[in-house]
**Student:** 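Sharing a structure here in structure tokens format.
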Amino acid sequence: MNYPSISKKTFFLLIFQVILLLSVLTSYIVYSYNSYIQGIKQTADNYLKLYTKDLQSKINNADKVLERIAYDSTDYLILQSEKPEERYYASARIKQLLTTSLAFDEAIDFIVVGESIYKTFLMAETSGTSYSTKEDIKEFILSAADQQRIKSVWNIKNFNGTEYVYKMFVWQGRAISIFISAEKFIEIDENPSDQEISSTTVLIQSCISGETIIKGSPENINNKSIKYETYIASDNIRVTAYTSHKAISLQIMSFGYILLLIIIIATSYAFVMMHSIDKNVLKPLIVINDHIISIQNGNYNKPLKGNFNTREFVTIETSFNSMIEQILNLKIEGYERQLELNQSELRAIKLQIRPHFFLNALTTISSLSKQHNDAAVEKYIQTLSENIRYMFKSGLHTVSLQEELSFVESYFEMQELKYPDCVFHFVECNEALYQYQIPQMIIHTIIENEYKYAVSVDSMLTIIIRCSLQNYNGRNCLCIEIEDDGKGYPQNVIDSFENSDNNSHTVTNDGKRVGLLSIKKIMKIMYEDDDLFTISNISPHGCHNKIIIPEKPVNVI
């Protein structure tokens, strides 16, 4: 059956919806733009009044500071004294006066005093000024002082690329001036609206020098802009506000009714479109999502059936069911293969460890029987039966440290019958560690290896077992150390152990010391770490076995 495509179903609906939205958007822009033009004309006029008032206030405050400096100090005459010391102290007092005066007005950047006879230049500043700028100002002030008298008005001057608004008093070879940077001057103290800031550009221009300061975007200054103009600072500085807009050539009649009609049509069509999307997209997706959740909960046998009526979802249904079937088959095969490998691994390790114990036990019973030591044979067989029951429970799982040590003690008692007074053993372990879980038979295998290769009837062998908590790779782990004072491991055994293949179950070519690598293999399987079991020799003689056991195994069978 040929199902229609969901993309074709929704394509024409979306095209018509876009046309409607564009119509609404166009109408909204036209209406909003007309309203905006009317609004910014009013806000621009208000902004200019507010801004002019703020600029005039800054100039009035600076005028007061300048007049107080000019008329409150008699030290300016002393600057031209013939006595250097008098000029020095006068300069210090004037500099102190300038520095103090700066505190009266935060808008002032610096105040300077210049004197033409001895070229004295004093400057107090509120912020760091570059050396080149200071030199330009010094040259400007001293040049003005040489002119004897200049009209005292507010003006604009550029120093080293930075515009400053300034006013200067010059008399009898002396000059005093206040400078306000354009950045501080045009910064308004009030909080105008975002519309006022974004739509209005202010041009501040000196009527004497022609220098200008611009606040806002220069692009707004053009022939099509709305222009408002006023003057400040004794009409010497002109402030002009420009508000840019485009001419409106089209007026939409009865905009409100048309917009309302378009919105009703668009809304009605949106409901139709939503119903189509719900039927053809959302409901099928909900069915698929519910089925995926069911699979996550372990229900693989129920196929996906959604009664879909579009080609895309029918294809998804067929492909999805086929994919789940293949995944399920692969998963079952993987589980079966992994189970078979784990069971084979366990059987191989058990077969390697247990023969040593049983062969040694049979040898001991035979020896005691030849000695007609029936009591020893009976005690040995009783102890052996307890050990056999413990060993038959062994596997890739854990037991408490106390249980393993108890089994090892029983093993020592059993071996004492074969090697009387040949072994002295000592266990050093805090009782708080007794419940720590360790792999079963892990200590016994090493002790069995001691009796096989290190114990001799001709000498006394000391075996020490230490259990403690240690930090391993940032984790608290149980550390089991087993030492003896025998001859130690042959070097070829240590080399073969360190270089052995992790998948191998033999340590040496002749098959000896199989139990060592069996321990290494058990630790690798249960904790997924290659470095948890190490062997070495100690000075002057003896061997050292170290097992690190994390708190929880990764794999347990």
**Student:** Identify each donor-acceptor pair in which a side-chain atom of residues 466-474 lies under 3.5 Å from a protein atom, sequence neighbours left out, and give them as a table.
**Tutor:**
unit_1	atom_1	unit_2	atom_2	d
R466	NH1	E483	OE2	3.4
N471	OD1	G474	N	3.3
Y472	OH	D529	OD2	3.2

**Student:** Measuring from atom CG of L433 to atom CG of L478, what distance do you get when rounded to the nearest 0.5 angstrom?
**Tutor:** 6.0 Å
**Student:** Tell me whether S322 contacts the main-chain N or O of T318 through its side chain, where contact means a donor paired with an acceptor under 3.5 Å.
**Tutor:** no
**Student:** ring-ring contact (aromatic ring centres under 6.0 Å, His included) with Y51: which residues, sequence neighbours excluded?
**Tutor:** Y47
**Student:** Quick check: does any side chain N or O of S116 sit under 3.5 Å from a backbone N or O of D146, one acting as donor and the other as acceptor?
**Tutor:** no
**Student:** With a 3.5 Å distance limit and no angle check, can you tell me whether E115 reaches the backbone of I117 through a side-chain donor-acceptor pair?
**Tutor:** yes
**Student:** How about Y164 and F140: are their ring centroids closer than 6.0 Å?
**Tutor:** no
**Student:** Output all residues satisfying side chain to side chain donor-acceptor pair (under 3.5 Å) with E125, sequence neighbours left out; order by chain, then residue number.
**Tutor:** T129, K134
**Student:** Distance check, rounded to the nearest 0.5 Å: S177 atom OG versus F110 atom CZ?
**Tutor:** 8.5 Å
**Student:** Regarding Q80 and R174, do their side chains bring together a donor and an acceptor under 3.5 Å, going by distance alone?
**Tutor:** yes
**Student:** Mind checking the CE-CD spacing from M523 to E528? Nearest 0.5 Å is all I need.
**Tutor:** 12.5 Å
**Student:** Give a yes or no on this: more than 12 heavy atoms of other residues, nucleotides or ligands lie within 6.0 Å of atom CD of E82.
**Tutor:** no
**Student:** So I69 and I176, side-chain contact (heavy atoms from CB on, under 4.5 Å) or not? Walk me through it.
**Tutor:** CA-CA 8 Å; I69 295 173; I176 301 175; 4.2 Å; yes
**Student:** Which residues pass the ring-ring contact (aromatic ring centres under 6.0 Å, His included) test with Y436, not counting sequence neighbours?
**Tutor:** none
**Student:** Do K95 and D75 meet the salt-bridge criterion of a basic N to acidic O distance under 4.0 Å?
**Tutor:** no
**Student:** Given the rule in the side-chain contact (heavy atoms from CB on, under 4.5 Å) test, do F533 and N545 qualify, once you have shown the distances and angles that lead to the verdict?
**Tutor:** CA-CA 8 Å; F533 177 47; N545 304 271; 4.2 Å; yes
**Student:** Tell me the closest heavy-atom pair linking V170 and A175, and the distance in Å.
**Tutor:** CG2-CB, 3.9 Å
**Student:** Quick check against the 3.5 Å criterion: does R238 have a side-chain atom that pairs as donor or acceptor with the backbone of Q205?
**Tutor:** no
**Student:** Could you check D109, D105, D54 and say which one makes a salt bridge (Lys or Arg N to Asp or Glu O under 4.0 Å) with K184?
**Tutor:** D109
**Student:** Let me confirm one number: the CG-CZ distance from L79 to F121, rounded to the nearest 0.5 Å.
**Tutor:** 13.0 Å
**Student:** Quick check for you: to the nearest 0.5 Å, what is the distance between S81 atom OG and Y89 atom OH?
**Tutor:** 13.5 Å
**Student:** Between S152 and F169, what is the shortest heavy-atom contact and its length?
**Tutor:** OG-CE2, 2.6 Å
**Student:** Would you please name every residue forming a side chain to side chain donor-acceptor pair (under 3.5 Å) with Q96, sequence neighbours left out?
**Tutor:** T100
**Student:** Donor-acceptor check, side chain of K58 to backbone of E187, threshold 3.5 angstrom: yes or no?
**Tutor:** yes
**Student:** What residues form a salt bridge (charged side-chain N to carboxylate O under 4.0 Å, His left out) with E86, not counting sequence neighbours?
**Tutor:** K83
